[in-house]
Chemist: 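Below are the structure tokens for one structure; questions will follow.
As a basis for the values below, the full set of heavy atoms in this structure was taken, side chains included, without hydrogen atoms, waters or symmetry mates. Letters go in sequence order (proteins before strands), and every chain restarts at 1.
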Amino acid sequence: MKLLNKYQRIIIAVTVIFMLITGIIYYYTISRILTSQIDEDLILEENEVINYVSLNHRLPEVYESSHQQIFFTPFGHKKIKRRFLDTIYQMKGTHLEPGRALITSVKVSGQNYRILVIQSKLQTEYLIKIIFLITIGVIVILLAVLMILNRVILKSIWQPFYKLLFQLKEFSLANQTNIESIPSKIDEFIELDNAMLTMAYRVKNDYQNLKAFTENASHELMTPISIINSKLDTLVQTDEFTDKQSKLLNDLYGTVTRLTRLNKSMLLLAKIENGLITDDNQEVDIKKMIKECLYQHEEMIHQLNINLQTDFQDKRVKASKLLMEVLLNNLISNAIRHNHSNGEIKIVLDTKQLNISNTGTGTFNFEQVLKRFHKSDGSEGIGLGLTLCKQICDNYGFKLNYSLHKNTHTFAVSFE
Amino acid sequence: MKILIVEDEPGLRESIETYFNEGDSVCEIAYDFTSALAKVSVYRYDCIILDLTLPQGNGLDIIRHLKANQYNDGVLIISAKNSLDDRIIGLDLGADDYLTKPFHLSELKSRVTAIVRRRSFNGNSTLIFNEINIDLAAKMVTINKQSVKFTRKEYSLLLYFIANKGKVVSKSAIAEHLWGDSIDIADNFDFIYSHIKNIRKKLVEAGSNDYIQAAYGMGYKFTDT
């Protein structure tokens, strides 16, 4: 529920209750005033009758009146209590009408008469009806006005809020989107605007620092790694080694290589994220690149006796050669590494997409694997391969999809 | 061959110097921009191994200086910045090759040798190692006037060995040379073994000596002694 709606509901509820209470108070007040006026009329009539009787010692003539009727009824010695009452009576030749009556008594020459004076209350009822209608009308108009006001307010006054909200939804650190200031004259919105701008700036700054840090750290690591590497190369030239020593040296080499790759991958990731890949306008022949990549992997494919099926159409994309190489290499090398002996790899390239499918018994969660340093069980990689692939695809607006069908894993890169 | 090593990192500079300073090679060193510029202004080198990030200046300016004076020294850039810009600018300026740190010394040696070879024979050369005769342009190997067919990887490996003759070349270095970054090193040691077995077999069958020796399970050594 929108804040304004909530707000409005409360206001409407309170207003309606107040209007109703006011209406009821009105009703009773006016009704009392009018009734007491009628009562006065009735008493006036009674006094007239009693005066007439005391002067003339007989009952007055009953005359016709449009709003008053008077009846005299003789009765015995019982005492009649003087009282006012609401009643319904029939005017001559007309329908029933609500009326106010006064019952009293008078003694004319020893005979008791009951006097019944009735006056029409039609006008009173009419007045009350109008008051009621006006009250209802005011409530309805108020509701309508509030609703229209609501729309207008949502459209105009709340506009800065919705604009900010939209920007906030679109805000992404990776996409380098910016939050723009939305001018407003309302204090709350100005405050919100300021807070969001400050937040966005701070978050971006922190993110930038973090990215720069990753890049710099990877960078700085390269020098010591290259020194270790060169020292190792120098060390192996020196002398004879025992088996134990050479085993240690081999392990060292392996570890340094792993460190190098990890670092290179991190550096590459940081570079893509920082938009530092600048050779984006090379025309890359995907077909040729896949062939070269398969050549690089021929020993593995041969060793596992993998049945390789390929179907290539010519496809060129404008991209960085380096990044495309990393992408294809990672996908193909995954297809081989997670395959089994006598398995199959099928690579289909057309102008719209590249499909690389391989047999393999393992399963994994694609979304999980895209995360940094996530490794599927038994994987020997560093856990950045698919992250890099995803990042590269995102960088060029390609889509990277994965599907599993009966032990056949398929990675698809859509170029559009 | 005469080589200038321009590298500010002492550890790396010494390693390169030790590795190159043998046989027919002469190495000189420069550890900052000024001394490098002073050296290249006076002496000519077959190849300059040039680090780009130097104290007091950018290595690219040294290439600019060489080109401005029409000095024809070979230049190999070594840089920790795997920056594509630097690579492109460097190669555009006239550097012969670009090697990203970290690298194996054997890889560096092989690249430097290739540059020197290309420069001295204008790319149209024959490499002769005892009875092995390699036509670098046609990528043809003949032993005792008999043509021997090598696969692309075997050929590349043979050249790599000859460039690093007398040195122990580690399996890691070989794997990186043959497959680059694409395959996990550990996966490839078996393949290295089979490639080398094939090379040796082909050499010996053609009547060549067996120059490749296994070195303590760490790597191989190409030597005629």
Chemist: Among Asn229(A), Leu232(A), Ile225(A), Thr234(A), single out the residue with the greatest number of heavy-atom pairs under 4.5 Å to chain B.
Modeler: Asn229(A)

Chemist: Do other residues, nucleotides or ligands put more than 12 heavy atoms under 6.0 Å from Lys39(B) NZ?
Modeler: yes

Chemist: Please report the interatomic distance NZ(Lys221(B)) to CD(Gln237(A)), rounded to the nearest 0.5 Å.
Modeler: 7.5 Å

Chemist: Among Thr223(A), Ile332(A), Val236(A), Asn330(A), which residue forms the greatest number of heavy-atom pairs with chain B at distances under 4.5 Å?
Modeler: Val236(A)

Chemist: Going through the distances and angles, do Phe191(B) and Gln303(A) end up as a side chain to side chain contact (heavy atoms under 4.5 Å, CB included)?
Modeler: CA-CA 9 Å; Phe191(B) 306 141; Gln303(A) 194 194 39; 3.5 Å; yes

Chemist: In terms of heavy-atom contacts, does NZ of Lys165(B) have more than 12 from other residues, nucleotides or ligands at under 6.0 Å?
Modeler: no

Chemist: I would like to know whether Ser15(B) and Ile227(A) meet side chain to side chain contact (heavy atoms under 4.5 Å, CB included); could you show each step before the answer?
Modeler: CA-CA 8 Å; Ser15(B) 299; Ile227(A) 294 172; 5.7 Å; no

Chemist: Measuring from Asn250(A):CG to Ser170(B):OG, what's the distance to the nearest 0.5 Å?
Modeler: 8.5 Å

Chemist: Do you know which of Lys247(A), Glu240(A), Glu220(A), His302(A) has the most heavy-atom pairs under 4.5 Å to chain B?
Modeler: Glu240(A)

Chemist: Rounded to the nearest 0.5 Å, what separation is found between the CD atom of Glu299(A) and the CD1 atom of Ile192(B)?
Modeler: 9.5 Å

Chemist: In Å and rounded to the nearest 0.5 Å, what is the OG1 to CE distance from Thr100(B) to Met222(A)?
Modeler: 8.0 Å

Chemist: Using only non-hydrogen atoms and a strict under-4.5 angstrom cutoff, which residues of residues 196-206 of chain B touch chain A?
Modeler: none

Chemist: Measure Lys153(B) against the heavy atoms of chain A and call it side chain, backbone, both or neither at under 4.5 Å.
Modeler: both

Chemist: Does a sphere of radius 6.0 Å around OH in Tyr396(A) hold more than 12 heavy atoms from other residues, nucleotides or ligands, not counting ones at 6.0 Å or beyond?
Modeler: yes

Chemist: Closest heavy-atom contact between Thr260(A) and Pro102(B)?
Modeler: CG2-CG, 3.2 Å

Chemist: In terms of heavy-atom proximity below 4.5 Å to chain A, should Ile16(B) be classed as side chain, backbone, both, or neither?
Modeler: neither

Chemist: Would you please go through residues 6-14 of chain B and name the residues with a non-hydrogen atom below 4.5 Å from one of chain A, in numerical order?
Modeler: Glu9(B), Gly11(B), Leu12(B), Glu14(B)

Chemist: Roughly how far apart are Ser226(A) OG and Asp51(B) CG, rounded to 0.5 Å?
Modeler: 9.0 Å

Chemist: Show your working on side chain to side chain contact (heavy atoms under 4.5 Å, CB included) between Lys171(B) and Tyr253(A) and close with a plain yes or no.
Modeler: CA-CA 9 Å; Lys171(B) 287 183 195 166; Tyr253(A) 263 124; over 6 Å; no

Chemist: Let me confirm one number: the CE-CG distance from Met218(B) to Leu248(A), rounded to the nearest 0.5 Å.
Modeler: 10.5 Å

Chemist: Is it the case that atom CG in Asp92(B) sees more than 12 heavy atoms from other parts of the structure closer than 6.0 Å?
Modeler: yes

Chemist: In terms of ring plane angle, is the pair Tyr216(B) and Phe241(A) parallel, tilted or perpendicular, where the classes change at 30° and 60°?
Modeler: perpendicular

